[in-house]
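Below is one structure, written out as structure tokens, with a few remarks after it.
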Number of protein chains: 2
Amino acid sequence: MTSATAPVPARTRTRRSSADLVAGLLEAAAVEFAAHGFTGASTRRIAERAGAHQPQINYHFTSKEQLWRATVDHLFSLMDATLAGFDDGPSTGEAFEAVLRSFLVFSADHPELDRIINLEATAPSPRLDWLVATHLLPRYAAVSAAWARLRAAGLGADLTAAEVWELLTSFGAMHFANAPMLSRLGIHGDSRSESAVHTERMLGILMATTPTG
Amino acid sequence: MTSATAPVPARTRTRRSSADLVAGLLEAAAVEFAAHGFTGASTRRIAERAGAHQPQINYHFTSKEQLWRATVDHLFSLMDATLAGFDDGPSTGEAFEAVLRSFLVFSADHPELDRIINLEATAPSPRLDWLVATHLLPRYAAVSAAWARLRAAGLGADLTAAEVWELLTSFGAMHFANAPMLSRLGIHGDSRSESAVHTERMLGILMATTPTG
DNA sequence: GTCTATACCGAGATAGAC
DNA sequence: GTCTATCTCGGTATAGAC
């Protein structure tokens, strides 16, 4: 038997720099929040996934809610890095298509962001208010403006900006976000070529070019 | 005065028949599960919304998981009542369109079902396995068969059955399921005419008829 | 057969050791 | 400044009264 004092705490965790720990927690939080939603996810599991103890989350992020916001901010900044140049406003059809492709590639590589957004989308909450005001409205405005320019140039399908936005976020991105369900339906199997087919189909609908495939 | 034995429990609840109570619990559960997901919803809140006490749920449904399944079964049976005749397999374009319209009207009237499905769609779980096997796969098979007949008759857009399914459930139904988010984006305001516009746009994409609007 | 009182567990947050 | 030990609360499930 070991000493009678206490059950040895499972503390094999190596001491890391604060920045590394925070990065690890953000990554773990993205996975857990995307899988179970804000209320469904537990900070204990997030900490465990990151190889940390639960109270370290409260120390580094103050509260579960702040951790959630930091996670969303982080994922959006990753997306912005991928979509660099979009704010300039692509006015040619090809430039617009290139941005859409980048968005869908990002959604395929990081399905967590769309999952987190969709999990919050069904019910009013302070988080939804913050998400819309901070991240979604500015981006929706940018898409609307770009779409208006494109249409003015005689390009794109006969759809409103709202319809384009909904098609992109629901049909476009959900294909990746809902992969667990779709794969059980036999609809897709994560292959890279399958993603490309889906992306081109999405572009076909938006740009009203009939795909040859 | 009642007896002096105990602090009177807040038991203003009128005694109801078992069937009424079960129906009330199912309705309350649909709202709560749709808003917060399985883990996020609490049986306390569900019971409270139905004017019952929490342990009554365990009595009538055994467990939270069983309550969830009963709720999904109930919503699907409501949908089947609306879509009566679909299994017969509509082969004409007009019959197919009529079924699609019914589906979208149901989704607008009962957004809870699509919300519950989407909240489960992002992560593997016993519930997702059950949902797909019990409810989604048979319906997907029916849609696939109907779509194949339609395409064989030279009707419908150049889309696979999987794409039709995804368009219907994501773009089509999500418009209603994600109303809290969309309304904050200024995209829609629940009006009946707005729903009709969305429905016709969905049909336009699927049936490749260019809407005049 | 049905409901109330309550047990028990896991959640997030804090206090205080280091 | 950072982490561990611990508190409190709200979660679901059960035991036993009616």
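In what follows, chains carry the letters A, B, and so on, assigned in the order in which the sequence lines appear, proteins first and then strands, with residues in each chain numbered from 1.
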key: Residues within residues 119-129 of chain B bordering DNA chain C, heavy-atom distance below 4.0 Å   = none

inquiry  = Is the distance from the ring center of A:Trp147 to that of A:Phe96 below 6.0 Å?
reply    =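 Under 6.0 Å, so yes.
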
So, does [X] get its side chain near the phosphate of [N], meaning an N or O under 4.0 Å from OP1 or OP2?
| X | N | answer |
| --- | --- | --- |
| A:His60 | D:dC3 | yes |
| B:Tyr59 | C:dT2 | yes |
| A:His53 | D:dA5 | no |

Polar atoms only, N or O, under 3.5 Å: list the protein pairs with nucleotides 10-13 of chain D and their distances.
{"residue": "D:dG11", "atom": "N7", "partner": "B:Arg44", "partner atom": "NH1", "Å": "2.5"}
{"residue": "D:dT12", "atom": "OP1", "partner": "B:Thr43", "partner atom": "N", "Å": "2.9"}
{"residue": "D:dT12", "atom": "OP1", "partner": "B:Lys64", "partner atom": "NZ", "Å": "3.3"}
{"residue": "D:dT12", "atom": "OP2", "partner": "B:Thr43", "partner atom": "N", "Å": "2.8"}
{"residue": "D:dT12", "atom": "OP2", "partner": "B:Thr43", "partner atom": "OG1", "Å": "2.6"}
{"residue": "D:dT12", "atom": "OP2", "partner": "B:Arg44", "partner atom": "N", "Å": "3.4"}
{"residue": "D:dT12", "atom": "O4", "partner": "B:Arg44", "partner atom": "NH1", "Å": "3.4"}
{"residue": "D:dA13", "atom": "OP2", "partner": "B:Asn58", "partner atom": "ND2", "Å": "3.1"}
{"residue": "D:dA13", "atom": "OP2", "partner": "B:Lys64", "partner atom": "N", "Å": "3.1"}
{"residue": "D:dA13", "atom": "O5'", "partner": "B:Asn58", "partner atom": "ND2", "Å": "3.4"}
{"residue": "D:dA13", "atom": "N7", "partner": "B:Gln54", "partner atom": "NE2", "Å": "3.2"}
{"residue": "D:dA13", "atom": "N6", "partner": "B:Gln54", "partner atom": "OE1", "Å": "2.9"}

task = For the pair A:Arg69 (side chain) and A:Glu65 (backbone), establish whether a donor and an acceptor sit closer than 3.5 Å, ignoring hydrogens and angles.
result =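 Such a contact is absent between A:Arg69 side chain and A:Glu65 backbone.
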
message = If we ignore hydrogens and angles and just use 3.5 Å, is the side chain of B:Glu163 paired with the main-chain N or O of B:Thr160 as donor and acceptor?
response =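 Yes, the answer is positive, given that a donor and an acceptor are paired below the 3.5 Å cut-off.
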
ask   = Under 3.5 Å, is there a donor-acceptor pair between the A:Asn118 and B:Asn118 side chains?
value = no

message = Hydrogens and angles aside, do A:Glu194 and A:His175 bring a side-chain donor and acceptor to less than 3.5 Å of each other?
response =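 Yes, A:His175 and A:Glu194 have a side-chain donor paired with an acceptor closer than 3.5 Å.
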
Round to a whole Å and report the spacing from [atom1] of [X] to [atom2] of [N].
| X | N | atom1 | atom2 | value |
| --- | --- | --- | --- | --- |
| A:Leu21 | D:dT2 | CG | P | 10 Å |
| B:Ile57 | C:dT2 | CD1 | P | 16 Å |
| A:Phe61 | C:dA13 | CZ | C1' | 16 Å |
| A:Leu25 | D:dT2 | CG | P | 13 Å |

task = Report the C-alpha distance between A:His110 and A:Phe76 in whole Å, list the side-chain angles of each, state the deciding distance to 0.1 Å, and finish with yes or no for ring-ring contact (aromatic ring centres under 6.0 Å, His included).
result = CA-CA 10 Å; A:His110 298 274; A:Phe76 268 111; over 10 Å; no

remark   = From the list B:Arg115, B:Arg49, B:Lys64, salt bridge (Lys or Arg N to Asp or Glu O under 4.0 Å) partner of B:Glu32 resolves to B:Arg49

request  = Go through A:His198 and A:Phe176 one step at a time and tell me if the ring-ring contact (aromatic ring centres under 6.0 Å, His included) criterion holds.
outcome  = CA-CA 10 Å; A:His198 177 73; A:Phe176 307 111; 5.6 Å; yes

